[in-house]
Amino acid sequence: MNLAAFLHRAALLHPDSTALGLGNRPLMTYRDFANRVAMVAGHFQNTLGLWPGDRAAIVMSNVPDYMVVKYACWHAGVCAVPINAKLHRKEFSYILEDCGARVCFTNEEKHDAVAALDRQIETLEQIISTDGGAWRAMAEGDPAPMAEVAPDDLAWLFFTSGTTGRPKGAMLSHRNLVSCTMNYFADVDAIEPQDCIVHCAPVSHGAGCYGIPHVARGAAQVFPESGGFDPREMIDLLRHWKGATFFFAPTMVVRLLNHPDLAKADMSNLKLIVYGGGPMYVEDLLRGINVLGQKFVQIFGQGEAPMTITGLTRAMHEDTCHPRYKERLASTGVPRTDIEVRVVNEDDQPLSAGEIGEVVCRGDVVMLGYWNNRDATAEAIKGGWLHTGDMGSFDEDGYLTLKDRARDMIISGGTNIYPREIEEVLLKHPAILEVSVVGRKHTDWGEEVIAFVVRREASSVTERDLDTLCLNHIARFKRPREYRFVESLPKNNYGKILKTRLRKLLDSESA
């Protein structure tokens with residue numbers, strides 16, 4: 001089934017319902033949305049020469065046209081490659097070249113970040129801004145028929161940074177994303193046509209996945225004027241849009257709860273907050289329930305199994321009489337309806353309740369593999385099971401609690417940051433002997449990046465030098481917030497740096 005069929009079904013059933021909104025203004029009905037997508041898909045073929053199986057990249061901030069581009073890709077049978085708009089120009093270049101995108105869509109805000117890359121990357125033929133004339137010309141012309149696709153045809157290349165320091169493209173098929181969508185209806189929420197989802201989080205990632213079930217039910221996709229998350233703006237939007245769902249990182253929930261305007265706000269139009277992407281502390285969740293009511297659902301997933309591994313439903317949040325209620329709130333819930341989840345040892349043997357091991361899963365939502373990376377695919381998918389790299393344990397009732405991130409990933413503001421990528425950049429400096437990057441707890445962002453640095457003898461390298469180095473190679477949000485110059489790094493008998501000891505040091509200082 002082609003994912004674009006969800007849109008055209010919605011257009012038949014709810015032609016006059018609002019499909020896209022900006023701020024408090026409706027922009028486009030489902031009839032107009034479906035027609036525009038079909039016309040743009042026609043230009044994909046007739047003007048751009050894009051055919052089923054080709055890749056089209058999207059480097060855009062959160063704007064309504066993002067949805068038009070993405071659904072036009074699917075309508076034409078083209079694989080969409082949504083890229084995190086906060087990345088560095090060099091990271092854009094790597095992903096665009098790796099995926100072999102022939103066209104990159106951008107908007108005015110992000111255009112400078114990718115400008116001229118079409119002259120540097122052999123496969124990239126054109127960069128089209130949705131604020132320019134070429135895009136406006138695509139609003140006219142003959143609509144294309146929806147392409148026939150096989151269930152395992154590529155729909156979305158989901159690039160996620162890996163521990164090697166290079167982004168890896170999780171290959172998501174139409175089947176994968178249809179499974180993710182049906183699982184939303186089974187475990188998260190029953191969406192009504194008068195509802196909406198407000199996209200405060202980047203639609204290049206999980207929020208974009210959860211836009212699909214809302215399109216399938218004819219609900220509105222609302223984009224804040226700011227293009228991101230601002231608690232005051234979010235509160236104002238709830239005065240205009242009913243049945244509103246938000247996908248939030250836990251840090252966004254905390255920022256909302258801490259905002260002074262919340263005390264006098266009318267939150268009756270808030271339907272649901274789906275949270276995930278990092279640990280939610282129980283006390284913060286209890287405060288959220290007390291202030292906003294029982295409007296929370298937790299999900300645990302990753303790009304390789306989009307938004308769908310385990311979940312803590314609204315009913316589980318409401319079960320306050322259960323003797324282990326707080327323990328359950330600290331968990332990531334139970335396996336979702338159509339996916340199998342296990343905790344296994346180093347030999348991939350299932351472990352009993354209470355035993356800690358790696359979380360693995362299998363089901364129709366699990367990616368096909370990594371783009372152009374057989375070795376990484378073989379490491380991630382063994383015997384049909386996706387190895388998540390997360391450590392956890394089940395309790396006797398089947399609730400999964402994550403214990404540690406096996407790959408030392410840092411989660412800041414709901415965004416995954418991989419230490420090795422930063423370490424490799426810092427080690428480019430000739431004055432650096434050793435470096436280790438870890439996360440430190442942060443009230444607003446969950447974690448912040450801290451670099452422990454050993455300088456070579458007689459070196460005078462400064463924090464400013466290292467900051468400049470990072471900003472020249474990686475996205476600003478990944479750079480360390482503090483550089484600690486130390487004489488040596490703690491190591492075990494095998495010479496492995498003990499990141500756990502560095503984190504304990506930072507924890508003790510915070511305490």
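Keep in mind that this is a model prediction, so the values were computed, not measured.
Ion pairing between a basic and an acidic side chain is recognised when a charged N comes within 4.0 Å of a carboxylate O; Lys504 and Asp507 show no such pairing. For the pair Lys271 and Asp195, the salt-bridge criterion is met [side-chain N within less than 4.0 Å of a carboxylate O]. Under 4.0 Å is where a charged nitrogen must lie from a carboxylate oxygen, and between Lys86 and Glu91 no such pair does. Under the 4.0 Å criterion applied to side-chain N and carboxylate O atoms, Arg479 and Glu421 are not assigned as salt-bridge partners. Of the charged side-chain nitrogens involved, at least one lies within less than 4.0 Å of a carboxylate oxygen, so that Arg31 and Asp16 count as a salt-bridged pair.
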For Val359 and Arg342: C-alpha separation, side-chain torsions, deciding distance, then whether side-chain contact (heavy atoms from CB on, under 4.5 Å) applies. CA-CA 6 Å; Val359 179; Arg342 291 178 178 174; over 6 Å; no

Test side-chain contact (heavy atoms from CB on, under 4.5 Å) on Tyr184 and His214; report intermediate values, then the result. CA-CA 10 Å; Tyr184 186 100; His214 284 79; 3.4 Å; yes

Walk me through it: do Asp395 and Arg328 pass the test salt bridge (charged side-chain N to carboxylate O under 4.0 Å, His left out)? CA-CA 9 Å; Asp395 69 11; Arg328 288 186 169 184; 5.2 Å; no

Any chance you could lay out the side-chain contact (heavy atoms from CB on, under 4.5 Å) test for Met234 and Phe246, step after step, and finish with the verdict? CA-CA 10 Å; Met234 194 211 94; Phe246 295 83; 3.1 Å; yes

Test side-chain contact (heavy atoms from CB on, under 4.5 Å) on Phe300 and Met307; report intermediate values, then the result. CA-CA 6 Å; Phe300 162 53; Met307 313 301 283; over 6 Å; no

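Judged by distance alone, the side chain of Glu358 and the main-chain N or O of Gly389 form a donor-acceptor pair under 3.5 Å. Using modelled atom types, no side-chain atom of Ser179 and backbone atom of Arg175 make a donor-acceptor pair closer than 3.5 Å. Here the side chain of Thr18 pairs no donor or acceptor atom with the backbone of Leu20 at under 3.5 angstrom. Within the 3.5 Å criterion, the main-chain N or O of Ala219 finds a donor-acceptor partner in the side chain of Tyr30. Side chain of Asp230 to main chain of Arg232: a donor-acceptor pair is present (N/O by atom type, distance under 3.5 Å, no hydrogens or angles). Side-chain atoms of His442 come within 3.5 Å of backbone N or O of Trp445 as a donor-acceptor pair. Formation of a donor-acceptor pair under 3.5 Å by the Ser508 side chain with backbone atoms of Leu505 is found in this model.
Take Asn372 and apply the side chain to side chain contact (heavy atoms under 4.5 Å, CB included) test, not counting sequence neighbours, and it matches Asp98. Applying the salt bridge (charged side-chain N to carboxylate O under 4.0 Å, His left out) test to Arg287 and every residue at least two apart in sequence or in another chain returns nothing. Qualifying side chain to side chain contact (heavy atoms under 4.5 Å, CB included) partners for Glu482, counting only residues two or more places apart in sequence or in other chains: Arg440, Ile450, Arg484. When the side chain to side chain donor-acceptor pair (under 3.5 Å) test is applied to Tyr210, no partner is found at least two apart in sequence or on another chain.
Note that CD1 of Ile191 and CD of Gln194 are 11.0 Å apart. Values are rounded to the nearest 0.5 Å. For the atom pair OG1 of Thr415 and CG of Asn84, the computed distance is 6.5 Å after rounding to the nearest 0.5 Å. How far CD1 of Ile83 is from CD1 of Ile95: 5.0 Å, rounded to the nearest 0.5 Å. The CD atom of Glu340 lies 4.0 Å from the CZ atom of Arg362; values are rounded to the nearest 0.5 Å. Distance check, rounded to the nearest 0.5 Å: SG of Cys470 to CD1 of Ile474 gives 4.5 Å. Atom CG in Asp284 sits 9.5 Å away from atom OG1 in Thr443 (nearest 0.5 Å).
Side-chain contact of Thr332 with Thr310: a donor-acceptor pair under 3.5 Å is present, judged by distance alone. Counted by atom type alone, Ser412 and Glu447 present zero donor-acceptor pairs between their side chains at under 3.5 Å. For the residue pair Thr337/Asp187, the side-chain donor-acceptor check at 3.5 Å is satisfied. For the residue pair Asp348 and His387, a side-chain donor N or O sits within less than 3.5 Å of a side-chain acceptor on the partner.
Cation-pi geometry between Arg324 and Tyr399 is not met at under 6.0 angstrom from the ring centre and within 45 degrees of the axis.
Looking at Val365 and Asp338, their side chains never come closer than 4.5 Å, going by heavy atoms from C-beta outward. Within the 4.5 Å cutoff, side-chain heavy atoms of Arg255 are placed close to those of Phe229. No side-chain heavy atom of Leu238 sits less than 4.5 Å from a side-chain heavy atom of Asp266.
Ring centroid separation for the pair Phe6 and Tyr71 does not come in under the 6.0 Å cut-off.
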Could you go through residues 288-295 and list every donor-acceptor pair under 3.5 Å that involves a side-chain atom there, pairing it with any protein atom two or more places apart or in another chain?
residue	atom	partner	partner atom	Å
Gln294	NE2	His317	O	3.1
Lys295	NZ	Met267	O	3.3
Lys295	NZ	Leu270	O	2.9

Which side-chain N or O atoms in residues 61-69 pair as donor and acceptor under 3.5 Å with protein atoms at least two apart or in another chain?
residue	atom	partner	partner atom	Å
Ser61	OG	Asn107	ND2	2.8
Ser61	OG	Glu109	OE1	3.0
Asn62	OD1	Val203	N	3.1
Asn62	ND2	His199	O	3.1
Asn62	ND2	Ala201	O	2.8
Asp65	OD2	Trp135	NE1	3.4

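Of all non-hydrogen atoms in Ile273 and Val253, the two that sit nearest each other are CG2-CG2, 4.2 Å. Nearest approach of Ala170 to Gly303, heavy atoms of both residues: CB-O, 4.0 Å. Taking all atoms of both residues into account, the shortest heavy-atom contact from Ser436 to Lys499 is OG-NZ, 3.4 Å. Contact detail for Val282 and Leu329: the closest heavy-atom pair is CG2-C, 4.2 Å. The nearest pair of heavy atoms linking Leu3 to Leu177 is CD1-CD1, 3.6 Å. Between Arg336 and Gly311, the shortest heavy-atom distance links the atoms CD-N, 3.8 Å.
Lys441 NZ: 12 or fewer foreign heavy atoms inside a 6.0 Å radius. Heavy atoms of other residues, nucleotides or ligands lying less than 6.0 angstrom from CD of Glu509 number more than 12.
In this pair, Trp74 and Trp156 present their aromatic rings tilted. The plane angle is within the 30 to 60° band.
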